[in-house]
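Data block below; observations after.
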Amino acid sequence: MTAHLKFDKPDARNRLDDMAQGVIGAPLERSEGALKVTGRAVYAAEQARSLHGAAHAAPAYGVLVRATIPKGRVLSLGREAVLAMAGVRAVLADACFLRNPAQGTAGKAPVQGPEEVAYYGQPIALVVADSFEQARDGAQRLVVRYAEEGGALDPEAVTPELPEKKQSAQGDLDRAMREAAFSIDVSYTTPSMAAAAMEPHCVIATWTGDQLLCHGSYQMPNYNAPELADSLGVPAEKVRIVSPYVGGGFGSKLGIGPEAVAAAFAARELGCTVSVALSRPQEFEAITRRSATSQRVRLAADAEGRLTGLGHEALVSNLPDESFSEPVAQATHFTYAAAHRQIVHRIARVNLTPAGSVRAPGEAVGVLVFEAAMDELAEAAGIDPVELRLRNIPDADPETGKPFSSNMLAEALRDGAQRFGWQARQPAGTRREGEWLVGMGMASAVRVNMLGEAKARVTLSPEGTALVETNMTDIGTGTYTILTQIAAELLGLPMQAVTTHLGDSALPDGPGSGGSWGAASTGSAVALACEAIRVRIAGLMGCDEEELTLKDGRAICGNVTRPLPELLTEALQEEGHLEPGEAGKAVRNATFGAHFAEVAVNAVTGEVRVRRMEGAFACGRILNAKTARSQCLGGMTFGIGMALMEEMIHDARDGHIVNHDLAEYHVPTNADVPQLEVHFLDERDAYGGTLQAKGIGELGICGAGGAIVNAIYNACGVRVRDMPVTLDKVLEGLIAQGID
Ligand code: MOS
């Protein structure tokens with residue numbers, strides 16, 4: 001049976017607060033953690049091991065060939081020479097091949113066709129051979145002739161489009177700027193960035209008749225299966241995608257990728273299993289990047305530091321025909337009050353690696369820059385940066401007037417400041433320890449919160465064990481653990497009595513992992529299924545569900561206690577189905593927090609070392625204190641990367657990505673990450689689904705880089721507005737100031 005809830009009304013019951021077992025919220029270890037650290041969790045590419053058995057024809061390996069021009073047409077492929085090479089079985093370049101991955105939640109094929117080249121690095125052919133090495137050799141030797149056309153490579157040099165729906169304006173910002181007691185008008189840039197997930201994309205495709213099975217690494221099998229089917233021109237029900245373990249996604253695995261279509265097509269053509277994995281450079285070149293941005297922020301304030309006007313204009317880029325444009329000012333709409341407001345998004349169509357969602361799209365870059373600008377205003381107005389934020393928190397969404405579902409920004413700012421020791425902050429450039437200039441900075445953290453449609457099936461066996469099934473994924477976030485916790489809590493079972501199966505498109509549709517919506521959405525579906533099972537158990541006990549206690553494998557009603565195996569004669573199965581409804585439309589739903597950072601800047605070299613960070617976050621109900629904390633540690637670490645090192649460099653001549661590996665594209669490593677403290681504020685959000693929970697994964701990154709950039713200014717008085725803040729840029733400022 002189905003327990004369907006259309007979420008039209010907020011749910012303020014908070015019934016999980018009073019459950020018998022107290023499992024929800026507990027800092028439990030990841031249930032699949034031991035499998036991962038002992039190498040027993042089988043990732044997509046490793047499935048090849050099981051395909052060498054006698055039952056299978058020998059699998060073939062495919063390697064994608066990339067375009068080496070930014071724009072033009074493929075005239076010919078030197079197929080014959082490659083086909084003559086040892087082990088090579090085919091050189092394929094079918095029209096179904098993908099130009100670029102699908103965008104998140106697309107659910108249909110992205111732009112296809114390998115002959116039209118739109119960027120350097122675009123997959124244009126697949127060489128298939130008996131071994132991976134033979135396929136790679138063939139791919140490297142394939143001679144491609146092109147008719148090259150001039151591409152657009154510089155977003156600043158083309159006339160941008162203004163996407164409808166991404167603009168808003170109230171009042172008269174220009175006048176507010178003219179009449180302000182304090183104002184700033186500053187421009188920042190952020191570079192292209194890579195998702196840089198550890199596990200590269202890989203698909204192993206096998207057809208059985210007209211049925212396709214793909215082992216792959218994807219965040220959203222519920223969308224990815226139809227995307228793949230549409231790309232291949234087959235009905236969606238003919239495609240099954242299995243992604244039980246995903247070695248990081250960060251947006252790069254939201255949509256089906258070129259490896260899947262190429263592998264599936266080759267497997268159909270050759271009648272054998274085909275495995276296609278991307279190389280690390282292909283991960284950078286052919287998978288969606290975070291768009292580079294140019295951002296102008298204008299802030300106007302009265303003498304007390306109350307904002308009278310704010311403006312946030314952003315220029316981003318993407319390929320032609322892509323619907324995604326980085327929503328830079330997404331949080332600017334509602335973070336701070338100001339009567340006069342203007343938000344502008346422009347998108348430049350360029351021939352560069354496609355842009356898409358990467359780790360908190362919008363806020364990651366938008367909040368970083370906006371919060372750096374707020375720091376500049378605080379400095380100009382002589383107001384403490386925390387106090388400036390506190391004075392500008394709106395009572396309701398300042399553009400729509402809708403109430404917040406919950407807004408704990410003020411609490412987070414105060415709590416974080418107190419834990420961090422913010423009162424010890426000194427004026428810019430006044431704290432020195434030997435050759436290190438030391439400073440503190442802060443930023444608000446803001447991220448929109450979403451619920452997605454989610455289904456989950458829960459089966460309680462007569463032996464008193466439970467099975468949770470949904471095609472939601474665990475991309476390293478803890479989904480297995482929290483869904484197991486929810487079922488264990490609501491069914492009164494020990495954790496080890498509950499098994500959770502994820503990441504198989506054949507299972508009930510979860511929303512997938514993306515936009516931090518997975519836990520609250522899928523968790524609600526699991527809870528709904530469990531509640532329906534509780535109703536049936538209550539029926540067997542002859543009581544109401546509200547009177548029922550399930551604990552340690554027993555059902556308790558009044559003074560009657562019965563072990564589940566004694567009570568149940570058959571398995572009880574229910575499917576929970578959460579459908580977002582009217583509730584979410586009535587409010588502005590977001591997560592809030594505050595970041596604090598202490599950095600040291602070397603006065604001689606300009607090198608920046610982050611010394612410590614403190615994050616205070618409000619994300620609704622915390623489902624597992626340990627996995628939640630880990631999410632925020634990851635987000636803050638991304639913030640260090642955005643502030644100090646992450647930068648994808650496009651060659652100005654042809655757009656090719658120069659630093660296309662993890663040796664040259666720098667992400668923070670252990671030595672770059674100091675002690676990070678995370679504190680969660682107690683919050684229940686009645687608009688957060690059945691669990692009163694909200695997204696966590698992405699909040700930790702939003703604003704984290706801003707706190708670091710602001711701390712650098714406080715340390716040494718140098719304001720770098722061109723991310724990342726590398727030592728050469730700091731040094732230039734230090735020299736200009738005469739610091740040594
Ligand atoms: Mo996220 S960038 O929606 O994986």
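Start at 1 and go down the list; that is how both ligands and their atoms are numbered.
Every side-chain contact (heavy atoms from CB on, under 4.5 Å) that Ser516 has, sequence neighbours left out, goes to Glu698. Residues satisfying the side-chain contact (heavy atoms from CB on, under 4.5 Å) test with Ala260, not counting sequence neighbours, are Val203, Tyr218, Leu228, Ile256. In terms of the salt bridge (Lys or Arg N to Asp or Glu O under 4.0 Å) criterion, Glu647 has no residue partners (sequence neighbours excluded).
If you take CG on Leu623 and OG1 on Thr481, they are separated by 11.0 Å, rounding to the nearest 0.5 Å. Taking CD from Glu579 and NZ from Lys6, the interatomic distance works out to 5.5 Å, rounded to the nearest 0.5 Å.
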Phe284 and His660: CA distance, side-chain angles, deciding distance, ring pair (Phe, Tyr, Trp, His ring centres under 6.0 Å) verdict: CA-CA 5 Å; Phe284 283 79; His660 58 191; 7.3 Å; no

What does the contact table look like for ligand 1 (nitrogen or oxygen on each side, cut-off under 3.5 Å)?
residue	atom	partner	partner atom	Å
ligand 1	3 (O)	Gly515	N	2.7
ligand 1	4 (O)	Gln219	NE2	2.8
ligand 1	4 (O)	Gly251	N	2.9

